Each structure stands twice: as structure tokens, then as C-alpha cells.
Amino acid sequence: MTVPLLKLEAISVQYRQTAALNAVDLALSPASITGIVGRSGSGKTTLARVITGEVPPAAGQVLWQGTAFGIRRTREQLRRIQTVYQDPYASLNPRLTVGAVLTELLTVIRRFDKQSAREEAAKLLKQVHLPPAMVDAFPTHLSGGQRQRVAIARALAVSPQLLIADEPTSSLDVTVRTTILDLFKALSEQLGLTILLISHDLLAIRYACDDIAVMHAGRIVERNSASRIFQHQDTEEGARLVRAIPCLRRQA
Ligand code: ADP
Ligand code: MG
């Protein structure tokens, strides 16, 4: 068996009164898309923040390619894991053009010279299916879907191995959600990128992921496959998430 890119072992997180995570185990295979689905407050974002190192676990450990992270991540370790958030409006600086955002990362972090940074920025835009001319655009002039693509290009600019997408389609029009999920699938296939896709929306998770983890009250209560989850759920929480999908409810 291949060594997981990332492994969580018995991770627990406590915020004052709240046990946000309780003995969570999770392994991510290289170049896979794993989905985390659960209702609001189930601990999904906390799980992401443990992986990025923003939240120190009260117990358990995070392993990267079989080796535990220390208490403080190195700069190199931080670079390998990038996150895309729900709200691309909040996460992009309105005063910088798309090109400026990308070329700054490319010159500072990846040490490109100015000319090759501009070429690489155009390549990154192509990779997220935006026209190269968009280097000169300001985020405020873009649609929600385009901004989310820019946020994904920015994450890719530092060439991460793991991309965490925390509710990446929740603020977008229903019509563009699938196109963003298609992009994650393409990036995983073309770049061998490992993706952790987090959503409260089981339809989105089933569409993009092979492997699904259902979270409830700080625990992973069910592991299921996308091909199986609508036919059979192993837990009441899995069944509740399936029942919560409006179009399936109408059929029943
Ligand atoms: P999800 O992303 O699934 O909605 P979260 O990980 O954000 O869930 O939250 C899990 C639980 O931890 C919730 O009960 C939430 O209220 C609590 N929580 C999250 N962040 C904090 C925090 N910074 N301080 C205190 N409690 C928090
Ligand atoms: Mg969340």
C-alpha cells in the first residue's frame, strides 16, 4: 500500500467548553479527492485548521508522508498545504490585479524572475480555465466563479501537494458550482494534486470525490464511497444527509 500523503491519528481538539474534534483518524492517498461532509458545527473547518497547523490538537498527531509534524511548522511545510475558502470576495485583495497577486508569490516564494513570473502567471490562469488577459483584471470586476478560480490559481502558485477546499462552492450560484468541482477533478488528475474537499452539501461531495467521510459532532462516523452513498448509508447521520437533498426527497 502507498504511504498516505497525510494522516491524522486520534486527533482531538477542545475549544473551552466545546469538544470540536474527538479522536479523529483520517488518511489521504496521494492524488485522491477525499470528501468531508457534515452539518454545520460538526467540526469540518476545525479539521482543516488542524491539518494546516492553525489549531494545535489537544491529543493525537498529524503525519506527512509518514513523519509527524513538529509543534511549529517550517515555512516549507506550510507551503505544501494550501487552502481555498468559501468566500473568494473576502480572500482576495481588491487593490491588487490578478497578475500582481500571482507574480508576487512566484517571485517571493518560488524565486522566479519578473519575466518568467509573468509567463507562469499566464500558465496558472490557463490551468484554472481563465483567459491569460485576466492578469490585468481587479478581483472586483470578476464574477464569483472567476474569483474562486483566481483563489485556486493563487493556491497553485506555490505548488502545493495538498489543497484543502473548505466549502468552496457554497457562496457560488448553483450553475457555476459544478464547473468549479470539475476543475478540482481536473487538477487532481493532471497535477497529481491531493485534495480534501469540505462541504455540508452531499451532492457536491458525491460529484467530486471517490471517498467520503461523514462527520458528526466532532467525529468521523462513516466512510463511504460516492457510488454507494445514495443507495446505502451506514449511519443515521449519513441517512440524514441523503434525506436532506431536496430532489431526492421529492422522489421518495
Ligand atoms: P463546521 O466547519 O463543520 O461548521 P467547525 O469546525 O467550525 O464546524 O466548528 C466545530 C465546533 O467548534 C462548533 O461547535 C463550533 O461552534 C466550535 N468552534 C469553532 N471554532 C471555534 C472557536 N474559535 N472558539 C470556540 N469554539 C469554536
Ligand atoms: Mg466550516
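This one's a predicted model, so the numbers in the text were calculated from it and none came from an experiment. As the structure lists them, so they are numbered: ligands from 1, and atoms in each ligand from 1.
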query = ligand 1 and A20, any nitrogen or oxygen pair closer than 3.5 angstrom?
reply =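 No - when backbone and side-chain N and O of A20 are compared with those of ligand 1, no distance drops under 3.5 Å.
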ask   = Any protein heavy atom sitting closer than 4.0 Å to atom 16 (O) of ligand 1?
value =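 No; the ligand atom in question lacks any protein heavy-atom contact below 4.0 Å.
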Which heavy atom of the protein is the closest neighbour of [atom], given with residue, atom name and distance?
atom	value
atom 3 (O) of ligand 1	K44 NZ, 2.8 Å
atom 5 (P) of ligand 1	T46 OG1, 3.7 Å
atom 19 (C) of ligand 1	Y15 CE1, 3.4 Å
atom 1 (P) of ligand 1	G41 N, 3.5 Å

ask   = Do the side-chain N and O atoms of E222 and N224 include a donor-acceptor pair separated by under 3.5 angstrom?
value =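 The criterion, which ignores hydrogens and geometry beyond distance, is satisfied for N224 and E222.
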task = Verify whether one side chain among T45 and D166 offers a donor that lies under 3.5 Å from an acceptor in the other.
result =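 Short answer, yes.
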ask   = Considering only heavy atoms, does H200 approach ligand 1 within less than 4.0 Å through its side chain, its backbone, both, or neither?
value =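 Near ligand 1, H200 shows nothing, with every heavy atom at 4.0 Å or more.
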query = Backbone, side chain, both or neither: what part of T18 comes under 4.0 angstrom of ligand 1, heavy atoms only?
reply =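 Answer for T18: side chain.
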ask   = Within less than 2.8 Å of the Mg ion (ligand 2), any N, O or S from T45?
value =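 Coordinating: yes.
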ask   = Quick one: does S42 get a heavy atom under 4.0 Å from ligand 1?
value =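 So S42 counts as touching ligand 1.
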